[in-house]
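Order of the sequence lines sets the chain letters (A, B, ...), proteins ahead of strands, with each chain counted from 1.
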Amino acid sequence: MNKEQVDASSETVKTNFIHQEIDKDLAENKNGGAVLTRFPPEPNGYLHIGHAKSICLNFSLGQQFGGACNLRFDDTNPVKEDVEYVDSIKEDVQWLGFDWPGEAKFASDYFDQLYAWAVALIRNGKAYVDDQSAETIASQKGTPTTPGTESPFRNRSVEENIDLFERMKNGEFKAGEKVLRAKIDMTSPNMHMRDPLMYRIIHSDHHRTGDKWCVYPMYDFAHGQEDFIEGITHSICTLEFEVHRPLYDWFLTQIIEADASLKDRVRPRQIEFARLNLNYTVMSKRKLLELVEKNIVSGWDDPRMPTVSGLRRRGYTPESIRTFADKVGVARRDGVIDVALLESCIREDLNKKAARVNAVVDPIKLIITNYPEGQEEYVDIINNPEDESMGSRKLPFSREVYIERDDFMEDAPKKFFRLTVGKELRLKAAYAITCTGLKKDENGNIEELYATYDPETKSGATTVDRKIKGVIHWVSAAHAVDAEVRVYDRLYNHEAPAAQKDADHLDFINKDSLKTITAKVEPSLTEAKPLDQFQFQRVGYFCVDKDSTSDKLIFNRTVALKDGWAKKK
RNA sequence: UGUCCCAUGGUGUAAUUGGCAACACGUCUGUUUUUGGUACAGAAGAGUUUAGGUUCGAAACCUAAUGGGACAACCA
């Protein structure tokens, strides 16, 4: 199969530089042709759309190359981590449509091995216990432009180091009293090679290992070895870890050197890519947490949050997020993606799937004066013009209906296809009506509209065949059900809220990012279940909120429909 | 006064690895439409940051400049 055919048959097959690097490794028969990736979150927060990109990348790489992708929790810092996050992360990954081989893995599963390797490094004179304070160690580090200086404890004997490290493990010292450091090069131009910390003392219960450990490995001494233990071939991470790569490789080299039996094992390779940035939002855990803690949003799953749980509650589908991740691409240059792309992905998906319903979001009553009082009838209406198999339903029609306030205009320009006095238009799936007048209150606000209908124009009836340009949606007033509709907009009114020098991201909060209104919806919606998705005809895509009940319907607006008319205005 | 990474339409990614720049989103036009949606047809918009070099030929390779980014947590 050549590349053209692949592209034509499957939109998801798209090349990127990581793909190409793996191809090269395969061509060189590295690792015996194995490909195994991993998604390694720290269980200290909720996943967001940026993680989703990484998840899609790692898992689909695993799938495409006939391997798999491990889910591994990087739980090396008990003071920040919690099982609550483990559960939400698992749920989000599965919801996105991915699964990992066997049980989820944990860095804490490897603490014994990591400890043994640390001891091996000490034996080989590659690590030492430092008694200095964090401040002192930091000051000896130097700066990116000036070399560091060596610790006075750097040349302790192997025996002393081993004894000290063991006593650290046994809890004989207080937190901060001692650390284990790699002995590399305090003058290295790469700060991470200036005798980085391997272990620190933490007297705090770990969510999985309890109080077994008093020492915990740092990221750099853990991550590469975790990959190595699991047989990961390609360790894909974001750009900021690029400077860690020499250290990643150095630790692996030391470990293999210390134990010849490890020489033939799969050796992981770290590859970095640019993290996802989206405009009109923020992506850092810290800022997202701030939004939650300051009650700017209702929680991690607030539909305005870029979290996976927020997007889910907003009505985004896993498919739409996967196509988004695919379209965004993978590269080494950092950029900012337009949310419009995300929105187009969910529209594309929901256009095919969502049943159309009639819901009037900003209602105004229209009375059809020549329709008999007390009469009602049921008209047929198609559920989804994009999918005939979704069938049709009956919709009640009567003398008084609600229509959208902005579907009427008193002094309408000629290009206005909707309702205006004297003009005929169609109530979708029902009759053609002609507006005959209106009633205003003392402030000049329109209270009611009046119209006459033409019984000959009933939808489906072939008797009348005149061209009627305008078609609007409506709901029978007598049958309408009230529903709370939460109209969401972007959370920030600045496209780069986190990138301003003299302003905080909170300065750019969009005060109108949530408008709660009461809509009149068709009665069939009382059957809707949480997370069900609909297109409110001509308005947008909406999903039933998790707190919705048949007595109190709540809908979240996922995304508005494209509005060509709004642009013209 | 450092090391490393990056630079392609408005945005994001491509360019079969040296053969006169493509796709998606967005924008604009039209056609169809009982959704001003969808679908369809078409258009505008970059000559690839700059300057040198290598080459018959450079977005791609080399050098330098410029611009952007990363690195000095007992975080990951």
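If you look at Phe221(A) and Phe251(A), their ring centroids are closer than 6.0 Å. Residues Tyr248(A) and His244(A) keep their aromatic ring centres 6.0 Å or farther apart. In this structure, Phe397(A) has its ring center under 6.0 Å from that of Trp474(A).
Regarding Arg426(A), its CZ atom lies at a distance of 17 Å from the C1' atom of G36(B), rounded to whole Å. One atom, CZ of Phe17(A), and another, P of A7(B), lie 11 Å apart when rounded to the nearest Å.
Syn is the glycosidic conformation of G47(B), whose angle stays within 90° of 0. Glycosidic conformation of U17(B): syn, with the torsion inside 90° of 0.
Side-chain N/O atoms of Thr146(A) include none lying less than 4.0 angstrom from OP1 or OP2 on A72(B). A sub-4.0 Å separation between OP1 or OP2 of A15(B) and a side-chain N or O of Gln20(A) is present. Phosphate contact (OP1/OP2 of C5(B), side-chain N/O of Arg275(A), threshold under 4.0 Å): absent.
Rounded to a whole angstrom, the distance from the C1' atom of G18(B) to that of C23(B) is 22 Å. Spacing of C1' atoms, G26(B) relative to U66(B), comes out at 30 Å, to the nearest Å. Separation of the P atoms belonging to U32(B) and G9(B) is 37 Å when rounded to the nearest angstrom. Straight-line distance between the P atoms of C71(B) and U54(B): roughly 39 Å, to the nearest whole Å. The same atom, C1', is picked in A60(B) and in U17(B); the two are 8 Å apart, to the nearest Å. Across the C1' atoms, C40(B) and C56(B) are found 44 Å apart, a figure rounded to whole Å. Separation of the C1' atoms belonging to A76(B) and C61(B) is 38 Å when rounded to the nearest angstrom. Nucleotides A21(B) and A59(B), compared at atom C1', are 8 Å apart to the nearest Å.
Cation-pi check for Lys169(A) over Tyr115(A) is met; the charged atom lies under 6.0 angstrom from the ring centroid and within 45 degrees of its normal. A cation-pi geometry, defined here as NZ or CZ lying under 6.0 Å from the six-membered ring centre and within 45° of its normal, does not hold between Arg356(A) and Phe534(A).
With hydrogens and angles ignored, no donor-acceptor pair closer than 3.5 Å exists between the side chain of Arg538(A) and the base of U35(B).
Checking Phe173(A), Tyr128(A), Tyr199(A) one by one against Phe165(A), the ring pair (Phe, Tyr, Trp, His ring centres under 6.0 Å) holds for a single residue, Tyr199(A).
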Check: Can you give one letter per nucleotide of nucleotides 62-70 of chain B, 5' to 3': B if a protein heavy atom sits under 4.0 Å from the base, S if only from the sugar-phosphate, - if neither?
Finding: -------SS
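Residue contacts shown for Val539(A) are absent, as no nucleic acid heavy atom lies under 4.0 Å away. If you check every strand for non-hydrogen atoms under 4.0 Å, Phe416(A) touches a base. Within 4.0 Å of Gly335(A), counting heavy atoms only, lie sugar-phosphate atoms of the nucleic acid but no base atom. Among the heavy atoms of the strands lying under 4.0 Å from Gln537(A) is at least one base atom, whether or not backbone atoms are also near. Residue contacts for Gln132(A): at a heavy-atom cut-off of 4.0 Å it reaches a base atom on one of the strands shown.
Aromatic ring pairs are classed by plane angle as parallel below 30°, tilted from 30° to 60° and perpendicular above 60°; the pair Phe542(A) and Phe536(A) is parallel.
Val215(A) places none of its side-chain heavy atoms less than 4.5 Å from the side chain of Val179(A).
With the nearest nucleotide of RNA chain B identified for both Asp338(A) and Arg418(A), Asp338(A) has the one nearer the 5' end. Annotation: of the two residues near RNA chain B, Ala138(A) and Tyr219(A), the 5′-most nearest-nucleotide partner is Ala138(A).
Of the nucleotides present, none pairs with C75(B) by Watson-Crick or G-U wobble criteria with both distances under 3.5 Å.
Using a 4.0 Å cut-off between charged nitrogen and carboxylate oxygen, Arg538(A) and Asp407(A) count as a salt-bridge pair.
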Tabulate atom names and distances for all N/O pairs under 3.5 angstrom spanning the protein and nucleotides 37-41 of chain B.
from	atom 1	to	atom 2	distance (Å)
G37(B)	N2	Arg356(A)	NH2	3.3
G37(B)	N2	Glu386(A)	OE2	2.8
U38(B)	OP1	Lys562(A)	NZ	3.1
U38(B)	O2'	Asn351(A)	ND2	3.0
U38(B)	O2'	Glu386(A)	OE1	3.2
U38(B)	O2'	Glu386(A)	OE2	3.3

